[in-house]
Amino acid sequence: MPPDEAMCPSSPSVVALFGATALGKSEVAGRLAERLHGEIVVADSMQVYRGLGIITNQPGEAELTRVRRHLVGYVAPQEEFTVARYARDAHETIDRLRAEGRAVVIEGGSGLYLRAALGDLEFAGGFDASLRRELERRWADDRDGVLLELQRRDPATAAVIDLLNPRRVIRALEAVILHGEALPAGTREALWRPPERYAHRLFALQPVTDAAVLTRRIERRVDDMLAAGALEEVARARAAGPLSRTARQAIGVQELCACLDGETSLAAAAARMKARTRALARRQATWMRKLPAVSLVPAGERDPEAVADEILGRIQ
RNA sequence: GGCGAGGUAGCUCAGUUGGUAGAGCACGCGACUGAAAAUCGCGGUGUCGACGGUUCAAUUCCGCCCCUCGCCA
């Protein structure tokens, strides 16, 4: 903890806000930052892409002029993005804002990114697209061979990760091959409580709205995106060059590309986007339930202003 | 009206040479350290269209009826 914080523990200058999609998180964050005279750092794996503002739900003009937001729309969608890069960018931004004496509101819906911003996650090994592709091919042909190699070269990691999950296995092996040492050693407890980089208060929006109403809201959101030109947005983005693997994971990219290529109807694309968004909101709720030291704040149908007030009240 | 195809989980469908059923998606819960809006794990789904017949036993075979789709009138 930096020394200035030790001297002034009653007014933490970093407030983090986690929340699932469609709960009004960015509006709440906007008001919080305004009251605290601070700026916002977004912790969202998809809002980083430039030119995909509609489908990734980036804040509109009104929110943007209200307060400054960082780490939104600053990466070309042709570029492959990683949490490690996000962590570097976030720390740099937060450090700078604090050096300027500004309060920081970290807002996001990507659990891992939020932890990366707040803490010091240790990222082992590098990243090599061709190696990864080769390992993927090997996994498809000879799964057992890949598992055996990981067990031989890094038994400690092999004992801890989910061996049924191809992403985890491939990443672990990739890390050993590139750096000799794989994922950071440590217990699961350590994985869950990475060293905190900033003293902060963490809040999460807990839906108090009826589940059916929330679902309807999520679905309306997709309809609104389409009405706002989501299809054209995706067409424009991919016209500038093939979209990166990570950008293609954003809800709506695959679906709307299929639609542009005449493979599916717009209605089918919309249905799939809604289903994926619902599933996302569920996984976000899982994160919300287990974030360490989190204070839950009822939200949903409440006025963002009131939610922000409640959070400010709890900070005092 | 005639002929053909079909009615099985919320949806799309597979299956049972007769012993009351499954896969994907959806849904619920969970995991998560360089892909995380990703990826993976666990879980329950049900008068197998209705009624009758044959049978120890029918979702499966037979009859009849209802419904859907297609073709022909």
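The chains referred to below are lettered A, B, ... by the order of the sequence lines, with proteins before strands, and numbering in each begins at 1.
The side chain of A:Arg289 contributes an N or O atom lying less than 4.0 Å from OP1 or OP2 of B:C29. Between A:Lys290 and B:C32 there is a side-chain N or O to OP1 or OP2 distance below 4.0 Å. Distances shorter than 4.0 Å separate some side-chain N or O of A:Arg168 from OP1 or OP2 on B:U33. For A:Thr82 and B:A35, the shortest distance from a side-chain N or O to OP1 or OP2 is not below 4.0 Å. Proximity of A:Ser110 to the phosphate of B:A36: no side-chain N or O atom is located under 4.0 Å from OP1 or OP2.
Pairing each heavy atom of A:Ser45 with each of A:Val48, the nearest pair is O-CG2, 3.5 Å.
Following chains of ILVMFWY side-chain contacts shorter than 4.5 Å, one can reach A:Leu114 starting from A:Tyr74, so the two form part of one hydrophobic cluster. By the rule that hydrophobic residues join a cluster once side-chain heavy atoms approach within less than 4.5 Å of another member, A:Ile218 and A:Met225 end up as members of separate clusters. There is no path of hydrophobic side-chain contacts, each under 4.5 Å, that joins A:Leu64 to A:Leu32.
Donor-acceptor pairing under 3.5 Å, judged by distance alone, is present between the side chain of A:Glu136 and the base of B:A35. For A:Arg132 and B:A35, a side-chain-to-base donor-acceptor distance below 3.5 Å is present, hydrogens and geometry of angles not being considered.
Heavy-atom distances to RNA chain B give each of A:Ala211 and A:Thr56 a nearest nucleotide, and the one nearer the 5′ end belongs to A:Ala211. Comparing A:Ala279 and A:Ala285, the nucleotide of RNA chain B nearest to each residue sits closer to the 5' end for A:Ala279.
Between the CE atom of A:Met273 and the C1' atom of B:A26 there is a distance of 18 Å, given to the nearest Å. As a whole-Å value, the separation of A:Tyr113 OH from B:G34 P is 10 Å. Protein atom CG of A:Leu135 is 16 Å distant from nucleotide atom C1' of B:U39, rounded to whole Å. Here B:A36 presents its P atom at 11 Å from CZ of A:Arg245, a figure rounded to the nearest Å. Going from atom CH2 of A:Trp287 over to atom P of B:A36 covers 12 Å, rounded to whole Å. Atom C1' of nucleotide B:A35 and atom CH2 of A:Trp139 are separated by 15 Å, given to the nearest angstrom. Rounding to whole angstrom units, CG of residue A:Leu163 and P of B:U39 are separated by 19 Å. Distance CG (A:Leu112) to C1' (B:A36): 6 Å, rounded to an integer number of Å.
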Parsed dot-bracket for RNA chain B after applying the Watson-Crick and G-U rules with both distances under 3.5 Å and | for other-strand partners is (((((((..((((.....[..)))).(((((.......))))).....(.(((..]....))).)))))))).

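On the P atoms, B:A58 is 23 Å away from B:C65, given to the nearest whole Å. Taking the C1' atoms as reference points, B:C67 lies 8 Å from B:G49, given to the whole Å. Across the P atoms, B:G63 and B:U47 are found 26 Å apart, a figure rounded to whole Å. Rounded to whole Å, the P atom of B:G28 lies 16 Å from the corresponding atom of B:G10. Between the P atoms of B:C42 and B:U20, the separation comes to 25 Å (whole Å). When the P atom is compared between B:U45 and B:A23, the two are found 11 Å apart, to the nearest whole Å. Distance check on atom P: B:C13 versus B:A73 gives 29 Å, rounded to whole Å. Comparing the same atom, P, in B:A9 and in B:G15 gives a spacing of 15 Å after rounding to whole Å.
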Run the salt bridge (Lys or Arg N to Asp or Glu O under 4.0 Å) test on A:Arg88 and A:Glu92 for me, step by step, so that the C-alpha distance in whole Å, both residues' side-chain angles and the decisive distance to 0.1 Å come before the verdict.
CA-CA 6 Å; A:Arg88 270 198 307 277; A:Glu92 205 182 286; over 6 Å; no

Could you walk me through whether A:Arg248 and A:Glu80 pass salt bridge (Lys or Arg N to Asp or Glu O under 4.0 Å), step by step? CA-CA 10 Å; A:Arg248 261 181 282 146; A:Glu80 193 144 340; over 6 Å; no

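Counting any heavy atom pair closer than 4.0 Å across all strands shown, A:Arg276 reaches sugar-phosphate atoms only and no base atom. Nucleic acid contact for A:Leu164: sugar-phosphate only, since backbone atoms but no base atoms lie under 4.0 Å from a heavy atom of the residue. A:Arg272 comes within 4.0 angstrom of the backbone, heavy atoms only, and of no base. The residue A:Thr21 sits apart from the nucleic acid: no heavy atom pair falls under 4.0 Å.
Screening residues 273-282 of chain A for side-chain hydrogen bond (donor to acceptor under 3.5 Å, both in side chains) gives A:Glu219-A:Arg278, A:Asp223-A:Lys274, A:Glu255-A:Arg276 as the qualifying pairs, with residues at least two apart or on separate chains.
Nearest nucleotide to the side chain of A:Arg283, out of B:G30, B:U33, B:A36: B:G30. Of the candidates B:C29, B:A35, B:A31, the closest approach to any side-chain atom of A:Arg171 belongs to B:A35. For A:Pro166, the side-chain atoms get nearest to B:C40 when compared with the rest of B:C32, B:C40, B:A37.
The residues A:Arg238 and A:Asp261 are annotated as salt-bridged, a charged nitrogen and a carboxylate oxygen being separated by less than 4.0 angstrom.
Contacts between residues 249-257 of chain A and RNA chain B, defined by a heavy-atom separation under 4.0 Å, are made by A:Gln249, A:Ala250, A:Ile251. Applying a 4.0 Å cut-off to non-hydrogen atoms, the residues of residues 83-92 of chain A that approach RNA chain B are A:Val83, A:Ala84, listed by residue number.
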Please tabulate, one pair per line, all N/O donor-acceptor pairs under 3.5 Å involving side-chain atoms of residues 294-301 of chain A, not counting sequence neighbours.
{"from": "A:Glu301", "atom 1": "OE2", "to": "A:Arg217", "atom 2": "NH1", "distance (Å)": "2.7"}

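Applying the side-chain contact (heavy atoms from CB on, under 4.5 Å) test to A:Glu232 and every residue at least two apart in sequence or in another chain returns A:Arg236.
Considering OG of A:Ser244 and CD of A:Gln249, their distance stands at 8.0 Å, rounded to 0.5 Å. Interatomic distance, A:Asp303 CG to A:Asp309 CG, rounded to the nearest 0.5 Å: 8.5 Å. Between atom CG of residue A:Asp89 and atom CZ of residue A:Phe81 there is a gap of 5.5 Å, rounded to the nearest 0.5 Å.
With a 4.5 Å cut-off on side-chain heavy atoms, A:Ile94 and A:Arg197 do not count as touching.
A:Gln78 places a side-chain N or O within donor-acceptor distance of the main-chain N or O of A:Ala237, the cut-off being under 3.5 Å.
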